[in-house]
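Here is the structure we will look at, set down as structure tokens.
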Amino acid sequence: MIIKNICCIGAGYVGGPTMGVIALKCPNIKVTVVDKSSDKIDSWNGPLDTLPVYEPGLSEIVNKVRGKNLFFSKDIDDAIDNAEMIFMAVNTPTKTEGEGAGMAADLRYIEACALDIARVSNNDKIIVEKSTLPVRTAEKIKDILNQHGKDVNFEILSNPEFLAEGTAIKDLFKSDRVLIGGDSTESGKKQ
Ligand SMILES: NC(=O)c1ccc[n+]([C@@H]2O[C@H](COP(=O)([O-])OP(=O)(O)OC[C@H]3O[C@@H](n4cnc5c(N)ncnc54)[C@H](O)[C@@H]3O)[C@@H](O)[C@H]2O)c1
């Protein structure tokens, strides 16, 4: 599969800077960042001094690539449908009630995101999970995609983000660790 279009769901602290750096480093790939918050997308498309995330070096990158190969859009379905690779960078707050309250991650946004991808996708896609989540979350995402999706193949990769707020761009340019896991290789299939 040749990657020409990437979509990132979630234009927050991880989605914005990470996609900015990918767009800068991969000028031949069109990167579209979407969010259910229309105000956030407006801010990403607005003046460089009022972007929704402040990180040293970020506005310079956005200035270079926005409108060239980096786009911020409210049309989530269209961006999903057109992408060969979809990053999930939605929030995963700690649960405040029910089993695991105060400790476990609330996966409702991840699940909603997976349902959107399943509903909209008309062709095979690689799904990259950027959130730092409990082991086996990728399997849960795969179940949702396979149960609700059309006759398409989804490959799920776990690629948790370790950037720190305040040094996000520095961390993205020179990461001290990169973790990628999936189940389509022999090593990825090992339990
Ligand atoms: N902020 C950090 O420093 C940091 C570092 C490493 C990892 N992470 C992890 O990365 C993930 C994302 O964190 P963040 O800080 O970017 O969150 P964030 O709250 O800044 O942004 C998440 C965005 O996702 C959007 N969203 C939620 N559900 C959606 C949906 N179904 N469709 C479209 N948009 C949706 C929200 O509107 C929000 O703008 C979390 O799992 C977090 O734990 C964060």
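Both ligands and their constituent atoms are indexed starting at 1 by order of listing.
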Protein heavy atom at shortest distance from [atom]:
atom	value
atom 21 (O) of ligand 1	Gly12 CA, 3.3 Å
atom 5 (C) of ligand 1	Leu163 O, 3.2 Å
atom 32 (N) of ligand 1	Ile9 CG2, 3.5 Å
atom 39 (O) of ligand 1	Asp35 OD2, 2.6 Å
atom 7 (C) of ligand 1	Glu161 O, 3.2 Å
atom 3 (O) of ligand 1	Glu165 CG, 3.2 Å
atom 29 (C) of ligand 1	Val90 CG1, 3.6 Å
atom 20 (O) of ligand 1	Tyr13 N, 3.0 Å

Item to check | Salt bridge Arg119-Asp116, side-chain N to carboxylate O under 4.0 Å | outcome: yes
Any sub-3.5 Å donor-acceptor pair from [X]'s side-chain atoms to [Y]'s backbone N or O?
X	Y	value
Asp35	Ile41	no
Glu55	Gly166	yes
Asn159	Val128	no

Before signing off on this row, confirm whether [X] and ligand 1 have an N or O atom pair separated by under 3.5 Å.
X	result
Lys36	yes
Ser131	yes
Thr92	yes

I'd like to check [X] versus [Y] (side-chain heavy atoms, cut-off strictly below 4.5 Å). Are they in contact?
X	Y	answer
Phe154	Asn146	yes
Asp42	Ser38	yes
Val31	Cys8	no
Lys25	Phe173	yes

Checklist entry - Which ligand 1 atoms does Tyr109 reach within 4.0 Å, using its non-hydrogen atoms? => result 28 (N)
Checklist entry - Near Lys40, which atoms of ligand 1 are under 4.0 Å from a heavy atom of that residue? => result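 Those qualifying, in numeric order: 38 (C), 39 (O).
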Checklist entry - What about Val14 and Leu24, same hydrophobic cluster or not, with Ile/Leu/Val/Met/Phe/Trp/Tyr joined at side-chain heavy-atom distances under 4.5 Å? => result no
Next on the checklist: Please compare Val53, Asn91, Ile76, Val14 and report which has the shortest non-hydrogen distance to atom 27 (C) of ligand 1.
Outcome noted: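 That would be Asn91.
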